[in-house]
There are 4 protein chains.
Amino acid sequence: MSGSVNKVILVGNLGADPEARSFQNGGECVTMRIATSESWKDRATGERRERTEWHTVVVFAEGLVPVAKNYLRKGSKVYIEGKLQTRKWQDQAGNDRYSTEIVCQGFNAQLVLLDKRERDPGRDDYSGHAHDGRWSNSTPGGGAGGAAGTAGGSAFDAGLDDHVPF
Amino acid sequence: MSGSVNKVILVGNLGADPEARSFQNGGECVTMRIATSESWKDRATGERRERTEWHTVVVFAEGLVPVAKNYLRKGSKVYIEGKLQTRKWQDQAGNDRYSTEIVCQGFNAQLVLLDKRERDPGRDDYSGHAHDGRWSNSTPGGGAGGAAGTAGGSAFDAGLDDHVPF
Amino acid sequence: MSGSVNKVILVGNLGADPEARSFQNGGECVTMRIATSESWKDRATGERRERTEWHTVVVFAEGLVPVAKNYLRKGSKVYIEGKLQTRKWQDQAGNDRYSTEIVCQGFNAQLVLLDKRERDPGRDDYSGHAHDGRWSNSTPGGGAGGAAGTAGGSAFDAGLDDHVPF
Amino acid sequence: MSGSVNKVILVGNLGADPEARSFQNGGECVTMRIATSESWKDRATGERRERTEWHTVVVFAEGLVPVAKNYLRKGSKVYIEGKLQTRKWQDQAGNDRYSTEIVCQGFNAQLVLLDKRERDPGRDDYSGHAHDGRWSNSTPGGGAGGAAGTAGGSAFDAGLDDHVPF
DNA sequence: TTTT
DNA sequence: TTTT
């Protein structure tokens, strides 16, 4: 089924430091727990109530893994864009279990730091799109080589060619 | 924690007719299963592959329940906006289990039909926002009482015509 | 045309204090300028470049106007959800001009403060949905009257505990 | 300013066929006009009203240009994800003018056909992400090289099956 | 279980 | 200029 969209947008805080994990093939992912909450006034009692929701986010996107590892910490506020994915696994009794995670992988994954932390002025990799590490010399948005090319941001500056964002 | 966002956006197809359910207090919800899928070319074999993801959507928003009940069917394509919510329950063995659903409830819930189905020209309730049933005569966006109230859709109809921002 | 979506999501900083404006009928709106930016590495020179985009946001939603007036200031970081609207006006020479704004009005408008500012612990109105001021004692999402109504945040508190979908 | 998000999501119909445009350097873009609309019941008169908004969308993303050119036509319904960009230009009198467009360029751009049109079963390029043309044999999301790389869609195919987060 |  |  082309013609579908699967998108999650979260703004929340990390409940703990992110956990990195390596694969045999050299790949790497980072898992983190993000809290979002909503508050409301109870109709009956009039008192304010709050409900916190915990989300499991798994970052696979190459450009985003170092951002998560190097800059996110317990308490960090972050904007996350990913997709919903439900995984099937077996518990010790052999029963099927399901876990739903927000997966930041591939295009349309995004991760943006939202708090003013102490930053190293020599670094500029505090946020990123899915492929920042991988195609480091692509245009912003990766529209390399084409019209988007020269613009330095404006898609319409014509002559776009020498511009190669990122 | 104010300062958080919990949003899911799906465009997909219903795998089966929606299931309505009533509560003791007169309330009602509708549950449905939505499929989204992505396809890609396998790096190794070069063949096209596809993966389908199934989502459980629960509609509580008053204005959206009738839309889901009356117009959505198996196969319908729909745009859905809701929030992620994980529910804890006990299986027969008494073990804790968790289910994650997309909940369409309250503000910022949305449900839009995307296929051209046979429609009854006398009806105009084929899509809706969270409260369409409840404040049926409000302006678009429901900004009653103020400028928006008389605006009838244009934010600037109410004396803002001379407003020339930037 | 039902079956359409018009949504803008911004995370950015205010370039100046918000400007409030009243209408004859008692309504009120708040206008603000929000900066977003993207940065990339220039392909040719290898140096980092940045482009800032300025957005005009107009808040009409009743629940959001006080949030914008009371808590947003020059420099504030904010999450905004609204819709695109292009307004036609005449310049002094009588020529048609168009301005495009992000309008926060009605359902699906949202405004969330993202920086840790000095806060008054006695207040709890630092962010909001479109109608927070208006239906102040509604449940989160405002799904009053039904199952959601008593739910107090959890969609399943009202007799749904035994509900185990899928 | 890292730490910002500039995102537009539209579901609407094309008012006319898309217009392609080539650049000297071989690049190409496609411009199209998209209509979205909202309807509401007038408070005073009780009659149904409707307002249509027209959006100018410019597609630069390499993977999306052919989708727009080959499959979108006047009347097509489409899901679009891009960013807001305001362009400055001079009218004949030499006055500064501004135009705001939705730019589909780079990461996080997306374009999904939503109507069932006559399709050629031999083709599979009816929708796409920003770079589909460019990295045509990447995994879904393009997370090549790492765990995701071999995954073929499931983030957990590469040794993650035993991973049971939370 | 949908859709292409 | 689309669509319902």
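Every chain is numbered from 1, with letters handed out A, B, ... down the list of sequences. Keep in mind it's a predicted model, so treat the numbers as computed, not measured.
Taking atom CD of residue E38(D) and atom P of nucleotide dT3(F), one finds them 19 Å apart after rounding to whole Å. Summarising the geometry, the separation between OH on Y71(B) and P on dT4(F) is reported as 15 Å, rounded to the nearest angstrom. Atom CD in E53(B) sits roughly 16 Å away from atom P in dT2(E) (whole-Å rounding). Distance, H55(B) NE2 to dT3(E) P: 16 Å, rounded to whole Å. Residue D115(B) contributes atom CG, which lies 11 Å from atom C1' of dT2(E) at whole-angstrom precision. Summarising the geometry, the separation between OH on Y79(D) and P on dT3(E) is reported as 21 Å, rounded to the nearest angstrom. Atom CG in D17(B) sits roughly 11 Å away from atom P in dT2(E) (whole-Å rounding). Following rounding to the nearest Å, L14(D) (CG) and dT3(F) (C1') show an atom-to-atom distance of 11 Å.
When the nucleotides dT3(E), dT2(F), dT1(E) are ranked by their closest atom to the side chain of K74(B), dT1(E) comes out on top. Residue R33(D) has its side chain nearest to dT1(F) when only dT3(E), dT2(F), dT1(F) are considered. Checked against dT2(E), dT1(E), dT3(F), the side chain of S37(D) finds its nearest nucleotide in dT3(F).
For D91(B), the salt bridge (Lys or Arg N to Asp or Glu O under 4.0 Å) partners at least two apart in sequence or on another chain are R97(B). Not counting sequence neighbours, the partners of E53(B) by the salt bridge (Lys or Arg N to Asp or Glu O under 4.0 Å) test are R51(B).
When only modelled atom types and interatomic distance are considered, Q90(C) and D96(C) share a side-chain donor-acceptor pair under 3.5 Å.
Contact of T52(B) with dT2(E) (side chain to base): a donor-acceptor pair of N or O atoms is detected under 3.5 Å.
The ring of W54(D) does not lie on top of the base of dT2(F); it is either too far (5.5 Å or more) or too tilted (30° or more).
Checking side-chain atoms of K77(D) against main-chain N and O of D115(B) turns up no donor-acceptor pair under 3.5 Å.
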